[in-house]
Amino acid sequence: MPRVDPEPAPLPTAYITHPACMKHEMGPYHPECPDRLAAINDRLIASGLDVYLRHYEAPPVTREQLLRVHSAVYLSEIEHASPSEGLHFLDPDTALNPHSLEAARCAAGAVVLATDLVMRGECRRAFCAVRPPGHHAERRRAMGFCLYNNVAVGAMHALDRHGLDRVAVIDFDVHHGNGTEDVFSGDERVLMVSTFQHPLYPYSGADNPAPNMVNVPLPEGAGSIEFREVVREIWLPALEAFRPQLLFVSAGFDAHREDPLAGLRLVEGDYAWVTRELCHVAGKHAHGRIVSTLEGGYALSALGRSAAEHVKELVAG
Ligand SMILES: [Zn+2]
């Protein structure tokens, strides 16, 4: 009998979070609430996906890793703003409680760990189920529920620590990722492609400030057809031309039609579809490597369902 070598087992998908991310709270009625992570986790368990994930606890980000993205003055401001009790508001929507700083450090640290895992070949993909989110945080400013720009910290780590030349940031959150744009606009090592509802908070992004920023605003009411057309016609050719060695996803699920904070009309199937398309790009240029991190998504059931579809494709794609 000829010996048949078994197929090598596919590399696992990492699921990275930290208990501190459940302790960061900005008041009883704030939509960016700890239940968001519970909704995702519950759905992954209920759908049977959880057993296919390798779980990791996020380490705190280091000051050196943050300084690649944020100014030293800003880091000091955030540290000094951390309250010993109650809430300290940085803007009308963004506050710190006594656990927020640790949560933010672990949220950014999760994306760094995810980057290390995929670059070391221990995992092929990673999903960071973390909060606070990050894509509105600018170099010198917290805003829009965001403290540290998690995805930017990960992307800079991939460039500086792992020596990559080209990384892509894909942002399908319903809000424009102004913070990520602030960090990477004009940096030719990074291609950012995004869709977002416009006009809507933070009211930026209608113009592309540099060739490496591919912003595609969508009008209120746009749904699957418009989104998929943009991805096919604009994102995928841009990604194909750029040939990213690693893909980062700012995975906000607030463009879902059930989301209370915005007016796009995506459904779970759109998140599965776009993730499959990104897996295809990653397979062609990046050894399959994708690091995805949670941004927005405020309708809890829709968030759980959408994130589960996204993770399912990361595992299978
Ligand atoms: Zn958002």
Side-chain angles (χ1 to χ4, degrees), residues 21 24 26-27 29-37 39-40 90-95 103-104 107-108 111 127-138 141-152 154 169-184 192-206 213 215-223 226-227 230-231 235 248-268 270-271 274-275 292-307 309-310:
C21 295
H24 160 61
M26 298 186 284
Y29 304 108
H30 203 295
E32 206 290 276
C33 60
D35 285 348
R36 299 178 60 233
L37 295 186
I40 294 172
L90 298 166
D91 82 1
D93 303 321
T94 313
V111 187
F127 180 71
C128 303
V130 292
R131 50 184 294 279
H135 74 151
H136 294 306
E138 299 183 345
R141 181 163 65 149
M143 59 183 272
F145 317 162
C146 301
L147 301 177
Y148 301 139
N149 195 314
N150 308 321
V151 80
V169 178
I170 297 98
D171 188 330
F172 51 66
D173 191 279
V174 81
H175 303 98
H176 176 235
N178 61 291
T180 314
E181 178 171 286
D182 180 55
V183 174
F184 291 125
M192 181 175 180
V193 300
S194 69
T195 49
F196 47 90
Q197 183 181 330
H198 186 79
L200 184 71
Y201 182 90
Y203 304 101
S204 54
M213 293 287 135
N215 293 332
V216 188
L218 294 169
E220 182 176 5
E226 295 87 348
F227 174 70
V230 165
V231 171
W235 280 15
F248 287 89
V249 182
S250 265
F253 299 99
D254 41 9
H256 194 283
R257 62 191 307 153
E258 293 170 27
D259 200 276
L261 296 198
L264 294 190
R265 303 180 65 78
L266 299 193
V267 295
E268 297 90 299
D270 295 313
Y271 294 112
V274 71
T275 307
S292 176
T293 187
L294 181 65
E295 300 284 0
Y298 305 100
L300 295 178
S301 173
L303 170 64
R305 290 173 350 241
S306 301
E309 287 295 316
H310 176 61

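Computation of the quantities below employed the complete heavy-atom set of this structure, encompassing side-chain atoms and omitting hydrogens, waters and symmetry-equivalent molecules. Note that ligands are numbered from 1 as they come in the structure, with each ligand's atoms numbered from 1 the same way.
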**Asked** Of all heavy-atom pairs between Pro202 and Met143, which one has the smallest distance, and what is that distance?
**Response**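 Closest pair (atom of Pro202, atom of Met143, distance): CB-CE, 3.8 Å.
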**Prompt:** Mind checking what makes ring-ring contact (aromatic ring centres under 6.0 Å, His included) contact with Phe253, not counting sequence neighbours?
**Reply:**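 Partners of Phe253 under the ring-ring contact (aromatic ring centres under 6.0 Å, His included) test: Phe172, Tyr271, His310.
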**Message:** What I want to check is whether the side chains of His175 and Asp173 have a donor and an acceptor closer together than 3.5 Å.
**Reply:**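 Yes, Asp173 and His175 have a side-chain donor paired with an acceptor closer than 3.5 Å.
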**Closest approach to the Zn ion (ligand 1) by Asp254, given as the N, O or S atom name** =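 Within Asp254, restricted to N, O or S, the Zn ion (ligand 1) is closest to atom OD2.
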**Message:** Looking at the Zn ion (ligand 1), is there an N, O or S atom belonging to His175 that lies under 2.8 Å away from it?
**Reply:**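 It does; at least one qualifying atom falls short of 2.8 Å.
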**Request:** Could you tell me whether any N, O or S atom belonging to Asp173 is less than 2.8 Å from the Zn ion (ligand 1)?
**Result:** yes
**Request:** Check His198, Glu181, His136 against His176 for a side-chain hydrogen bond (donor to acceptor under 3.5 Å, both in side chains) and give me the one that passes.
**Result:** Glu181
